[in-house]
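Shown next, in structure tokens, is the structure this report addresses.
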There are 2 protein chains.
Amino acid sequence: MPETLRSFRELCARHGIAVTHQRQVLYETMQGMYGHPSPEEVFEAVKQRIPSISLATVYKNIHLFVESGVFRELSMHHGTLRVEMNDVPHHHMVCSVCRKVTDLPDGEFGAPLLQTAMPGGFLVERVSIDVIGVCPDCQARPN
Amino acid sequence: MPETLRSFRELCARHGIAVTHQRQVLYETMQGMYGHPSPEEVFEAVKQRIPSISLATVYKNIHLFVESGVFRELSMHHGTLRVEMNDVPHHHMVCSVCRKVTDLPDGEFGAPLLQTAMPGGFLVERVSIDVIGVCPDCQARPN
DNA sequence: CTGATTGCAAACGGTTTGCAGGCTT
DNA sequence: AAGCCTGCAAACCGTTTGCAATCAG
């Protein structure tokens with residue numbers, strides 16, 4: 001009956017997912033953490049409210065949240081090491097379906113940021129811009 | 001004596017690393033591959049010229065190339081799943097030393113890209129901008 | 001000659017999966 | 001009642017490490 005449960009139910013309804021206790025606590029815990037904690041860190045935090053929760057459940061539900069649009073992935077290309085061999089300044093188009101990365105000519109879009117003072121005296125080295133979306137191949141593909 | 005060896009020697013001298021055969025073949029192979037192949041894919045490609053090369057050597061040298069500035073890392077936050085829980089449009093400052101990610105208010109910088117037609121009919125969903133550099137903490141730290 | 005580099009195999013760490021029992025709808 | 005969800009343990013997969021032999025400077 002707490003207000004938080006009411007709104008979590010609404011959130012789940014909006015995103016078409018079922019309401020479970022671990023789901024709700026996971027969601028609330030993540031919302032309450034600063035920055036971008038790793039699944040392990042989230043797991044540790046959630047355990048304080050549900051000591052019996054398993055790491056697998058944390059992973060399954062983080063993925064569910066991402067798939068259903070509750071959260072978004074911070075980086076489309078985590079999980080494997082990729083390097084930039086192209087010296088010419090450019091950006092990237094990343095397909096959210098097949099994850100393929102294509103270079104996007106023109107580095108101009110990053111220029112304004114290079115000339116902007118960063119909060120806290122953060123020392124800028126370079127700017128990386130990813131345009132995330134669906135590549136032509138994946139648009140054409142049946143599924 | 002081929003020209004390629006001459007220029008590879010110069011490249012290594014410039015970046016302060018030793019010249020080895022596997023290093024040279026790795027470099028040439030990577031330069032000749034389209035896009036951003038994974039270490040496994042690079043390994044398979046290099047094996048065609050050096051069948052006895054090991055995956056460990058590929059990893060070690062890709063890291064060496066990145067550390068010495070020959071190549072750059074495509075994504076600063078690969079390796080573990082991170083999600084975005086902040087609904088307000090913003091960008092990220094990523095520390096290249098400690099890899100901490102800090103939100104950077106103001107989504108305006110991405111706007112021009114959202115209104116730009118992408119080559120090949122790539123369907124844009126969102127734009128993700130990372131400002132990569134050194135955070136205040138790491139600037140202050142001795143090392 | 002001395003230290004760096006290679007290839008191998010084993011270790012690692014983060015993530016995923018299969019399954020049986022329990023909870024949602 | 002039917003199916004989704006949970007927790008557990010084992011499997012996975014990309015990456016790293018330790019080591020002895022070999023190579024570069």
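By convention in this document, chain letters (A, B, ...) are assigned in the order of the sequence lines, proteins followed by strands, and residues within each chain are numbered from 1.
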Report summary line: Residues in residues 40-56 of chain B with a heavy atom under 4.0 Å of DNA chain C, by number, are B:Ser52, B:Ile53, B:Ser54, B:Ala56
Query - Integer-rounded Å distance: D:dC13 C1' and A:Leu81 CG - result: 15 Å
Report task. Can you tell me which residue pairs pass the side-chain hydrogen bond (donor to acceptor under 3.5 Å, both in side chains) test with a partner in residues 118-138 of chain B, sequence neighbours excluded? Result -> A:Ser96-B:Glu125, B:His77-B:Asp130
Query raised in the report: How close or far is atom C1' of C:dG7 from atom CZ of B:Arg23, stated in whole angstroms?
Result: 15 Å
Between the protein and nucleotides 22-25 of chain C, which nitrogen or oxygen pairs come in under 3.5 angstrom?
{"from": "C:dT24", "atom 1": "O3'", "to": "A:Val19", "atom 2": "O", "distance (Å)": "3.3"}
{"from": "C:dT25", "atom 1": "OP1", "to": "A:Val19", "atom 2": "N", "distance (Å)": "3.2"}

Query raised in the report: Between B:Phe71 and B:Tyr27, what is the ring plane arrangement, given parallel below 30°, perpendicular above 60°, and tilted in between?
Result: parallel
Query raised in the report: Between atom CZ of A:Phe8 and atom CG of A:Leu26, what is the distance when rounded to the nearest 0.5 Å?
Result: 8.0 Å
Query raised in the report: To the nearest Å, how far apart are A:Leu64 CG and C:dT16 C1'?
Result: 15 Å
Query raised in the report: What integer distance in Å separates B:His63:NE2 from D:dG14:P?
Result: 15 Å
Query - Sequence-distant partners of B:Phe43, ring-ring contact (aromatic ring centres under 6.0 Å, His included), two or more places apart - result: none
**Report entry** Contact under 4.0 Å: B:Gln22 side-chain N or O vs C:dG7 OP1/OP2
**Finding:** yes
Query raised in the report: Looking at residues at least two apart in the chain, or sitting in another chain, which of them share a side chain to side chain contact (heavy atoms under 4.5 Å, CB included) with A:Pro119?
Result: B:Met93, B:Leu104
Report summary line: Apart from A:Leu74 itself, members of its ILVMFWY cluster (side-chain separation under 4.5 Å) are B:Met76, B:Val94, B:Val101, B:Ile132
Query raised in the report: With clusters built from Ile, Leu, Val, Met, Phe, Trp and Tyr whose side-chain heavy atoms come within less than 4.5 Å, directly or transitively, what are the remaining members of the cluster of B:Val88, listed by chain and number?
Result: none
Report summary line: To the nearest angstrom, the CD1-P distance between B:Ile62 and C:dT6 comes to 12 Å
Query raised in the report: Rounded to the nearest Å, what distance is computed from the CG atom of residue B:Asn61 to the P atom of nucleotide D:dT16?
Result: 13 Å
Requested in this report: Sort by first number and list every stem of DNA chain C: at least 3 consecutive Watson-Crick or G-U wobble pairs, both distances under 3.5 Å.
Outcome: C:1-25 with D:1-25
Report summary line: Contacts of A:Ile50 meeting side chain to side chain contact (heavy atoms under 4.5 Å, CB included) (sequence neighbours excluded), chain-then-number -> A:His21, A:Gln22, A:Val25, A:Ser52, A:Ile53
Report summary line: In short, salt bridge (charged side-chain N to carboxylate O under 4.0 Å, His left out) pairs touching residues 37-59 of chain B with sequence neighbours left out are B:Glu28-B:Arg49, B:Glu44-B:Lys47
Query raised in the report: Which residue pairs pass the side-chain hydrogen bond (donor to acceptor under 3.5 Å, both in side chains) test with at least one member in residues 79-88 of chain B, sequence neighbours excluded?
Result: A:Arg72-B:Asp87, B:Glu84-B:His90, B:Glu84-B:His92, B:Asn86-B:Asp103
Query - All side chain to side chain contact (heavy atoms under 4.5 Å, CB included) counterparts of A:Leu114, not counting sequence neighbours - result: A:Val124, A:Val127
Query - B:Gln24 CD to D:dC23 P, straight-line distance once rounded to whole Å - result: 17 Å
